[in-house]
Amino acid sequence: MNIRNLIVAGIIMTVSSATLSADEPVAYVNPFIGTTNFGTTNPGAICPNGLMSVTPFNVMGSNKNVYDKDARWWSTPYEYHNTFFTGFSHVNLSGVGCPELGSLLLMPTSGELNVDYKQYGSEYALEEAHPGYYANRLTRYGIDTEVSATPRTSIARFTYPGGESHILLNLGEGLTNESGATVRKVSDTEYEGSKLLGGFCYYNRQGVFPIYFVIRVDKKPLQSGYWKKQRPMTGVEAEWDPDNGKYKIYTRYTKEMSGDDIGVFFSYDTKPGEQIQVQMGVSFVSIENARQNLDSEQQGFQFDKVCLDARNQWNDILSRIEVEGGSDEQKTIFYTALYHMFIHPNILQDVNGQYPAMESDKILTTRHDRYTVFSLWDTFRNVHPFFTLAYPQKQLDMVQTLIDMYKEWGWLPRWELYGNETLTMSGDPAIIMLADTWLRGLKKFDAETAYEAMIKSATAPGSENILRTDNDDYMKLGYVPLREQFDNSVSHALEYYLADFALSRFAESLGHKEDAQTFAKRSLGYKHYYCKEFGTLRPIPVSYT
């Protein structure tokens with residue numbers, strides 16, 4: 001690509017396809033930035049745009065925590081000031097405002113087996129985080145934990161103090177609003193299963209989906225099995241069941257286990273300093289694909305190799321931009337921000353190219369990277385324009401993903417999550433992202449299909465329109481009137497104006513001159529809202545229309 005110069009916060013950045021700096025940019029990244037003051041990032045291990053992330057989960061189970069997911073609305077698996085750790089969650093969201101995912105909680109313990117997270121949780125110390133790596137020490141147990149990731153799999157290494165030791169996989173807890181999981185023993189060292197996720201922000205209550213997983217340990221345990229929280233009973237029924245309302249441990253039952261609050265345990269007799277490694281592969285297609293992802297991306301248990309590979313991937317992607325001048329603190333701010341830009345969107349396809357189609361039960365296959373987690377209302381303003389400049393191929397794959405979503409579902413997405421439209425936020429932002437990409441010179445995509453999708457959402461009646469539910473008023477009046485107290489009429493309309501202006505430019509570039517004029521005129525409707533008395537934009541009550 002052509003070399004471009006960008007200036008941010010007084011730092012000169014040269015964009016190049018080669019690694020130009022002798023210093024590793026990964027050394028400037030601080031994953032703890034954004035993990036407090038409601039920044040909702042996390043310091044977990046992830047590869048650039050990776051499907052898998054492994055994150056310390058410290059937001060439940062104790063009043064020692066400042067912020068607890070069960071006591072308030074909370075959207076992230078980690079908060080810097082919290083101190084009570086209950087495991088590592090796998091596949092997480094970063095920077096969002098609603099709880100989702102943050103499940104498949106992996107926890108090492110020692111001493112007598114206990115599967116109640118309020119009792120087995122531990123305070124921790126000696127936190128360390130770098131791109132692709134996180135570690136801490138569980139002070140209750142004296143266990144050192146380390147985790148890393150490949151694009152679709154994870155690996156953990158636990159160092160035990162000796163004696164009775166355990167590995168727990170809690171399938172009942174997490175951030176998701178959904179419940180229910182199934183797990184099955186494959187061998188002494190491997191289990192497989194699925195966990196139901198979904199319901200992000202509650203706007204699309206039917207937007208649920210399973211995540212499939214395979215978990216392996218590198219040493220045969222003395223014993224393994226399941227646990228399940230039993231339903232509470234009353235009266236005579238409660239008298240004869242010793243597990244009434246408690247966690248029941250299954251040591252002999254080895255067939256499939258299902259329930260809302262279930263888990264798997266592995267138990268060992270460890271020597272002081274003995275290490276046990278744990279791998280997990282995930283897929284949103286099938287258990288078979290989760291296993292194939294694991295077999296393809298990890299050959300054996302090689303924690304140090306996985307960690308180094310992840311670090312090299314981050315160095316490669318961050319080295320696209322070399323920083324000249326500025327202080328080390330400014331470099332940390334810049335490279336950490338760049339690091340955060342590559343947490344989402346994530347790849348969705350498995351190693352065989354399969355992925356769940358948009359709003360469908362179909363499983364399709366892609367030849368390019370299929371992406372997910374498009375919070376387009378947030379990212380059309382800065383992330384995607386930046387990608388067009390510095391990472392054009394990634395941007396083109398993301399554009400192709402949006403066009404494929406339209407072909408599969410009939411609509412462009414607004415806030416897509418693992419093949420589901422969450423209906424979160426407002427507006428029609430995919431139009432802006434696509435048009436901006438085209439007008440910046442990246443044109444290797446099906447522009448006419450993209451245009452067809454844009455026209456549909458811009459003109460379909462409100463009753464039929466997924467993205468512009470108040471399009472009838474907007475098209476008839478040129479604005480959206482206030483129909484109920486505290487509605488979002490002004491913000492909805494402002495988003496439509498932005499989209500229509502971008503659509504007008506795109507239409508003009510494609511030679512659709514009449515459409516270009518129509519949408520350019522529409523985009524000026526913001527003037528309806530301007531109030532000279534207050535010098536700002538104000539709602540227009542429906543009685544005035």
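- The backbone N or O of Gly263 lies less than 3.5 Å from no partner atom in the side chain of Asn170, so there is not a single donor-acceptor pair.
- Looking only at atom types and distance, the side chain of Asp404 has a donor-acceptor partner in the side chain of Gln400 under 3.5 Å away.
- Considering all non-hydrogen atoms of both residues, Ile347 and Pro151 come closest at CD1-CB, 4.0 Å.
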Could you list the donor-acceptor pairs under 3.5 angstrom formed between side-chain atoms of residues 47-61 and any protein atom two or more places apart in sequence or on another chain?
{"residue": "Asn49", "atom": "OD1", "partner": "Lys394", "partner atom": "NZ", "Å": "2.9"}
{"residue": "Asn49", "atom": "ND2", "partner": "Pro345", "partner atom": "O", "Å": "2.7"}
{"residue": "Ser53", "atom": "OG", "partner": "Asn92", "partner atom": "N", "Å": "3.0"}
{"residue": "Ser53", "atom": "OG", "partner": "Asn92", "partner atom": "ND2", "Å": "3.0"}
{"residue": "Thr55", "atom": "OG1", "partner": "Asn42", "partner atom": "OD1", "Å": "3.0"}
{"residue": "Thr55", "atom": "OG1", "partner": "Asn92", "partner atom": "ND2", "Å": "3.2"}
{"residue": "Asn58", "atom": "OD1", "partner": "Glu79", "partner atom": "N", "Å": "3.0"}
{"residue": "Asn58", "atom": "ND2", "partner": "Glu79", "partner atom": "O", "Å": "2.9"}
{"residue": "Asn58", "atom": "ND2", "partner": "Tyr124", "partner atom": "OH", "Å": "2.9"}

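- Leu412 CG to Glu421 CD: the interatomic distance, rounded to the nearest 0.5 Å, is 10.0 Å.
- Under the disulfide bond (SG atoms under 2.5 Å apart) criterion, Cys98 pairs with Cys201, sequence neighbours left out.
- The salt bridge (charged side-chain N to carboxylate O under 4.0 Å, His left out) analysis of residues 272-297, with sequence neighbours excluded, yields the pairs Arg152-Glu297, Glu190-Arg291, Glu192-Arg291, Arg216-Asp295, Lys219-Glu274.
- Between Val91 and Phe284, some side-chain heavy-atom pair lies under the 4.5 Å cut-off.
- Using modelled atom types, one finds a donor on one side chain and an acceptor on the other under 3.5 Å when comparing Gln298 with Thr153.
- There is a side-chain donor-acceptor pair under 3.5 Å between Glu100 and Thr176.
- Residue His344 comes nearest to Ser94 through the heavy atom pair NE2-N, 2.9 Å, listed as atom of the first residue, atom of the second, then distance.
- Every side-chain contact (heavy atoms from CB on, under 4.5 Å) that Lys305 has, sequence neighbours left out, goes to Gln302, Asp309.
- More than 12 heavy atoms of other residues, nucleotides or ligands shown are found within 6.0 angstrom of CG on Asn382.
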With side chain to side chain contact (heavy atoms under 4.5 Å, CB included) as the criterion, how do Tyr226 and Phe265 come out once you've worked through the C-alpha distance, each side chain's angles and the decisive distance to 0.1 Å?
CA-CA 6 Å; Tyr226 307 117; Phe265 69 90; 5.9 Å; no
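- Among residues two or more places apart in sequence or in another chain, the salt bridge (Lys or Arg N to Asp or Glu O under 4.0 Å) test is passed with Lys64 by Glu123.
- Scored by the salt bridge (Lys or Arg N to Asp or Glu O under 4.0 Å) test, Arg311 finds Glu24 as partners (sequence neighbours excluded).
- Other residues, nucleotides and ligands contribute at most 12 non-hydrogen atoms within 6.0 Å of the CZ atom of Arg367.
- For the pair Arg381 and Trp377, the cation sits on the ring face: its NZ or CZ lies under 6.0 Å from the ring centre, inside 45° of the axis.
- In this structure, Tyr339 and Trp314 have tilted ring planes: the angle between them lies in the 30° to 60° band.
- Side-chain contact between Ile211 and Tyr418: absent, with no pair of heavy atoms (C-beta onward) separated by less than 4.5 Å.
- Between Thr109 and His166, the side chains place no donor N or O within less than 3.5 Å of an acceptor N or O (distance only, hydrogens not considered).
- Screening Leu105, Leu104, Thr182, Asp260 against Leu171 for a side chain to side chain contact (heavy atoms under 4.5 Å, CB included) leaves a single residue, Leu104.
- Tyr250 is linked by a side-chain hydrogen bond (donor to acceptor under 3.5 Å, both in side chains) to Gln230, counting only residues two or more places apart in sequence or in another chain.
- Heavy atoms only, all atoms of each residue included: Val66 and Asn82 are closest at N-OD1, 2.7 Å.
- With sequence neighbours excluded, the residues forming a side-chain contact (heavy atoms from CB on, under 4.5 Å) with Thr76 are Thr40, Trp74, listed by chain and number.
- Counted by atom type alone, Ser426 and His492 present zero donor-acceptor pairs between their side chains at under 3.5 Å.
- When the side-chain contact (heavy atoms from CB on, under 4.5 Å) test is applied to Thr366, the partners found at least two apart in sequence or on another chain are Gln349, Tyr355, His368, Arg370.
- A 4.5 Å side-chain heavy-atom check between Phe209 and Asn420 finds at least one atom pair inside the cut-off.
- Looking at every heavy atom in both residues, Tyr212 comes nearest to Ser194 through CD2-CB, 3.6 Å.
- Heavy-atom minimum distance, Ala149 versus Val306: O-CG1, 3.7 Å.
- When the side-chain hydrogen bond (donor to acceptor under 3.5 Å, both in side chains) test is applied to Lys185, the partners found at least two apart in sequence or on another chain are Asp188.
- Ion pairing between a basic and an acidic side chain is recognised when a charged N comes within 4.0 Å of a carboxylate O; Arg414 and Asp428 show no such pairing.
- For Lys228, there are no salt bridge (Lys or Arg N to Asp or Glu O under 4.0 Å) partners two or more places apart in sequence or in a different chain.
- Residues Ile276 and Asp218 form a side-chain contact, since some pair of their non-hydrogen atoms from C-beta on lies under 4.5 Å apart.
- A donor and an acceptor atom, one from each side chain of Asn114 and Gln119, are located under 3.5 Å apart.
- Between Tyr67 and Phe38, the ring planes lie perpendicular to each other; the angle is over 60°, past the 30° to 60° tilted range.
- Residues passing the salt bridge (Lys or Arg N to Asp or Glu O under 4.0 Å) test with Asp304, sequence neighbours excluded: Arg157.
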Dump the intermediate steps for side chain to side chain donor-acceptor pair (under 3.5 Å) on Asn30 and Thr332, then the final yes or no.
CA-CA 7 Å; Asn30 181 358; Thr332 293; over 6 Å; no
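- Interatomic distance, Ser154 OG to Leu106 CG, rounded to the nearest 0.5 Å: 7.5 Å.
- Residues Phe213 and Tyr191 keep their aromatic ring centres 6.0 Å or farther apart.
- Aromatic ring centres of Phe387 and Phe342: separated by under 6.0 Å.
- Relative ring orientation between Phe374 and Tyr371 is described as perpendicular, the plane-to-plane angle rising above 60° on a 0-90° scale split at 30° and 60°.
- A donor atom on one side chain and an acceptor atom on the other are not found under 3.5 Å apart for Tyr134 and Glu146.
- For the residue pair Gln354 and Asn289, a side-chain donor N or O sits within less than 3.5 Å of a side-chain acceptor on the partner.
- Remark: the Glu416 side chain and the Thr372 side chain contain an N/O donor-acceptor pair separated by less than 3.5 Å.
- The environment of Glu112 atom CD is sparse: at most 12 non-hydrogen atoms of other residues, nucleotides or ligands sit within 6.0 angstrom.
- Taking every heavy atom of both residues into account, Pro31 and Val29 meet most closely at CD-O, 3.5 Å.
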